[in-house]
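Just so it is clear: chains get the letters A, B, ... in the order the sequence lines come, proteins before strands, and each one is counted from 1. The figures here come from the full heavy-atom set of this structure, side chains too, leaving out hydrogens, waters and symmetry mates.
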Protein chains: 2
Amino acid sequence: MPFESRRRARDEKREAVLRTAVRLFLEQGYHRVTLNDVAERLNITKPALYNYFRSKDEILFECWALGQEIVDEFIAEIDNGGGNALTKLRKLIQAYAEQMTTDSGASLVRFDARDLTAENQKIVRAAKKRIDRTFRKYLADGVADGSIKPCDPKLTAFAIAGSLNWIGHWYQRDGAWSAEAVASRFAAQLTEGLAKAPASKHGPATSKKSRPAKGGRK
Amino acid sequence: MPFESRRRARDEKREAVLRTAVRLFLEQGYHRVTLNDVAERLNITKPALYNYFRSKDEILFECWALGQEIVDEFIAEIDNGGGNALTKLRKLIQAYAEQMTTDSGASLVRFDARDLTAENQKIVRAAKKRIDRTFRKYLADGVADGSIKPCDPKLTAFAIAGSLNWIGHWYQRDGAWSAEAVASRFAAQLTEGLAKAPASKHGPATSKKSRPAKGGRK
DNA sequence: CCCGTATATTACCCATGGGTAATAAAAAGT
DNA sequence: ACTTTTTATTACCCATGGGTAATATACGGG
């Protein structure tokens with residue numbers, strides 16, 4: 001199948017460009033990386049890149065999209081999966097934390113959407129909103145079904161997302177912690193203060209008679 | 001006092017440049033802001049800026065330094081102040097969160113140190129290390145003196161710092177929450193899962209018989 | 001009132017780097 | 001083998017923007 005093999009080779013090269021670009025963008029920052037740098041690391045020359053992408057910012061966007069795709073996937077999986085809101089929240093934290101330890105995950109936090117075209121910025125904003133909504137939904141649902149203590153979903157979602165996004169800034173593969181270890185510690189720790197009852201093996205056993213924190217907006 | 005008034009005027013102008021630069025850098029991102037943009041907003045021309053600064057990256061550095069100065073101040077104040085480790089941690093979270101809602105605070109997280117000279121990058125790294133060490137110290141001290149549940153100080157410090165730093169990315173003054181409100185919610189929420197006993201009015205009343213979370217590295 | 005100093009402006013330099021011909025080399029198709 | 005289509009290269013364009021030289025203007029001091 002000549003057509004297919006041709007296409008595959010092309011797509012593989014495209015992906016190779018993206019993998020290299022992500023690395024460089026993360027290492028040095030988008031603006032300090034030139035297309036010559038990217039090409040050089042691939043042992044080709046700059047104009048060759050334009051066979052696969054129309055512009056530098058399109059490369060950036062595709063890098064981002066690769067990471068976002070994964071997030072959308074596990075969000076769908078968790079959302080359609082079982083468990084109460086707290087369980088889903090833990091799953092989400094775990095998966096998101098692990099994603100943050102990867103290159104494509106870190107791109108989601110460390111790239112600046114303002115480097116993209118207006119249209120792509122809209123796409124990015126929409127995606128970020130989707131993630132945020134999911135966190136807030138699980139929190140709100142959890143408060144409703146009693147698995148989570150009363151809290152302001154918006155603010156709590158920000159607190160959790162902040163911890164997780166930060167992973168993309170400090171985590172390095174050669175460190176003392178594996179991605180999974182970090183993720184499970186975060187899943188446990190970030191929900192410790194939220195769980196209403198000592199649920200499952202994760203729970204930190206918050207007293208049932210806890211005075212419910214005065215939640216809601218001030 | 002001619003000499004003094006002259007100097008004061010100069011310093012005021014310098015600060016005006018920095019205030020304007022910070023705003024623009026935060027609004028549009030360092031690389032998208034030209035020195036012409038900065039000058040224009042001050043109703044002067046680009047070369048006039050060079051009376052006060054030697055280069056664009058020096059402006060960036062001074063912007064950052066303004067924010068860092070404030071952090072160093074309240075860290076010193078809290079460190080020399082009273083209270084056990086948990087109390088100090090809460091104070092630190094509160095102050096740091098409030099700082100993140102300001103322009104100079106947000107600079108600390110949203111500027112990329114790689115835009116600075118190698119020497120200034122060292123200064124920035126040292127400052128970030130100071131902040132990190134302080135968080136870890138309070139956590140470790142708290143575990144030692146019993147006010148905080150066993151936990152890995154390094155990882156927990158990252159989790160807390162992440163939540164706080166993220167404020168610099170989402171907070172906007174015209175929102176529903178005041179800076180102080182956000183800060184106090186974060187101070188409470190981020191220590192809820194850590195406090196060993198229902199201490200003071202903040203405590204979420206964690207049961208004393210809590211199985212101590214298996215802390216330490218995995 | 002004049003001089004020296006700081007501060008500002010206009011006009012310019014030029015390295016950088018994204019992007020584009022024009023064209024060569026390599027595959028694919030027949 | 002010959003043609004056509006991809007893919008890559010060399011050589012170039014040029015807008016951008018940090019930074020500077022020459023010069024004008026305001027200002028405090030004697």
Side-chain angles (χ1 to χ4, degrees), chain A residues 1-18 20-22 24-25 27-64 111-112 114-120, chain B residues 1-18 20-22 24-25 27-64 111-112 114-120:
Chain A
M1 244 175 235
F3 181 83
E4 253 310 283
S5 78
R6 182 77 167 242
R7 273 234 87 70
R8 251 186 57 123
R10 187 183 167 80
D11 285 359
E12 271 165 23
K13 281 178 194 169
R14 242 185 91 98
E15 276 178 39
V17 172
L18 292 180
T20 305
V22 170
L24 285 172
F25 291 163
E27 279 170 16
Q28 308 174 28
Y30 179 69
H31 292 282
R32 274 170 299 277
V33 175
T34 72
L35 291 184
N36 273 323
D37 294 336
V38 177
E40 194 177 354
R41 193 172 282 201
L42 288 160
N43 292 314
I44 57 174
T45 57
K46 176 175 65 169
L49 295 173
Y50 284 83
N51 275 315
Y52 306 101
F53 303 94
R54 271 199 293 273
S55 64
K56 190 187 182 189
D57 66 81
E58 184 180 300
I59 295 179
L60 183 70
F61 177 72
E62 300 278 2
C63 289
W64 171 88
F111 291 170
D112 188 341
R114 291 171 299 189
D115 289 319
L116 304 174
T117 62
E119 297 80 49
N120 284 340
Chain B
M1 243 173 233
F3 181 82
E4 254 310 282
S5 76
R6 183 77 166 243
R7 261 231 92 73
R8 248 187 60 124
R10 186 183 168 80
D11 285 359
E12 272 165 22
K13 281 178 195 169
R14 244 185 90 98
E15 277 178 40
V17 172
L18 292 180
T20 304
V22 170
L24 285 172
F25 291 163
E27 279 171 16
Q28 308 175 28
Y30 178 69
H31 292 284
R32 274 170 298 279
V33 175
T34 72
L35 291 184
N36 273 323
D37 293 337
V38 177
E40 194 177 353
R41 194 173 281 202
L42 288 161
N43 292 313
I44 57 174
T45 56
K46 176 175 66 171
L49 294 173
Y50 285 83
N51 275 316
Y52 305 100
F53 303 94
R54 272 199 292 275
S55 64
K56 190 189 182 189
D57 65 79
E58 185 180 299
I59 296 179
L60 184 69
F61 177 72
E62 300 278 2
C63 288
W64 171 88
F111 292 170
D112 188 342
R114 291 171 299 189
D115 289 318
L116 304 173
T117 62
E119 297 80 47
N120 285 339

Find the distance [X]:[atom1] to [N]:[atom2] and express it as a whole number of Å.
X     : N      : atom1 : atom2 : value
A:L42 : D:dT7  : CG    : C1'   : 14 Å
B:N36 : D:dA15 : CG    : P     : 17 Å
A:L60 : C:dG17 : CG    : C1'   : 16 Å
A:Y30 : C:dT16 : OH    : C1'   : 15 Å
B:E12 : C:dT7  : CD    : C1'   : 16 Å
B:R10 : C:dA8  : CZ    : C1'   : 13 Å
B:I44 : D:dA24 : CD1   : P     : 21 Å
A:Y50 : C:dT23 : OH    : P     : 21 Å

Ignoring hydrogens, what is the shortest heavy-atom contact between B:L49 and B:L35? Give both atom names and the distance.
CD1-O, 3.5 Å

Check A:D57 against A:T117 and note the closest heavy-atom contact, atom names and distance.
OD1-CG2, 3.4 Å

Under 4.0 angstrom, heavy atoms only, what part of the nucleic acid is A:V38 near: base, sugar-phosphate, or nothing?
nothing

Regarding B:Y52, tell me which of base, sugar-phosphate or nothing describes its non-hydrogen contacts under 4.0 Å with the strands shown.
sugar-phosphate

[options]: which one has an atom nearest the side-chain heavy atoms of [X]?
X     : options                : answer
A:L35 : C:dT9, C:dG18, D:dA8   : C:dG18
A:N51 : C:dG19, D:dA11, D:dA8  : D:dA8
B:T34 : D:dG18, C:dT9, D:dT7   : D:dG18
B:K56 : D:dG18, C:dT10, C:dG18 : D:dG18
A:A48 : D:dT7, D:dA8, C:dT20   : D:dA8

I'd like to know if the side chain of A:K46 and the backbone of A:E40 have a donor-acceptor N/O pair within less than 3.5 Å.
no

Looking only at N and O atoms, is any donor in the side chain of A:K46 or the base of C:dG17 less than 3.5 Å from an acceptor on the other one?
no

If we only count heavy atoms from C-beta on, is the B:D112 to A:R32 side-chain gap below 4.5 Å?
yes

Does a nitrogen or oxygen in the side chain of A:T45 sit under 4.0 Å from OP1 or OP2 of D:dA8?
no

Do A:K56 and A:Y30 form a cation-pi contact, if we require the NZ or CZ to be under 6.0 Å from the six-membered ring centre and within 45 degrees of the ring's axis?
yes

For B:K13 and A:R54, find the nucleotide of DNA chain C closest to each by heavy atoms; which residue's nucleotide sits nearer the 5' end?
B:K13

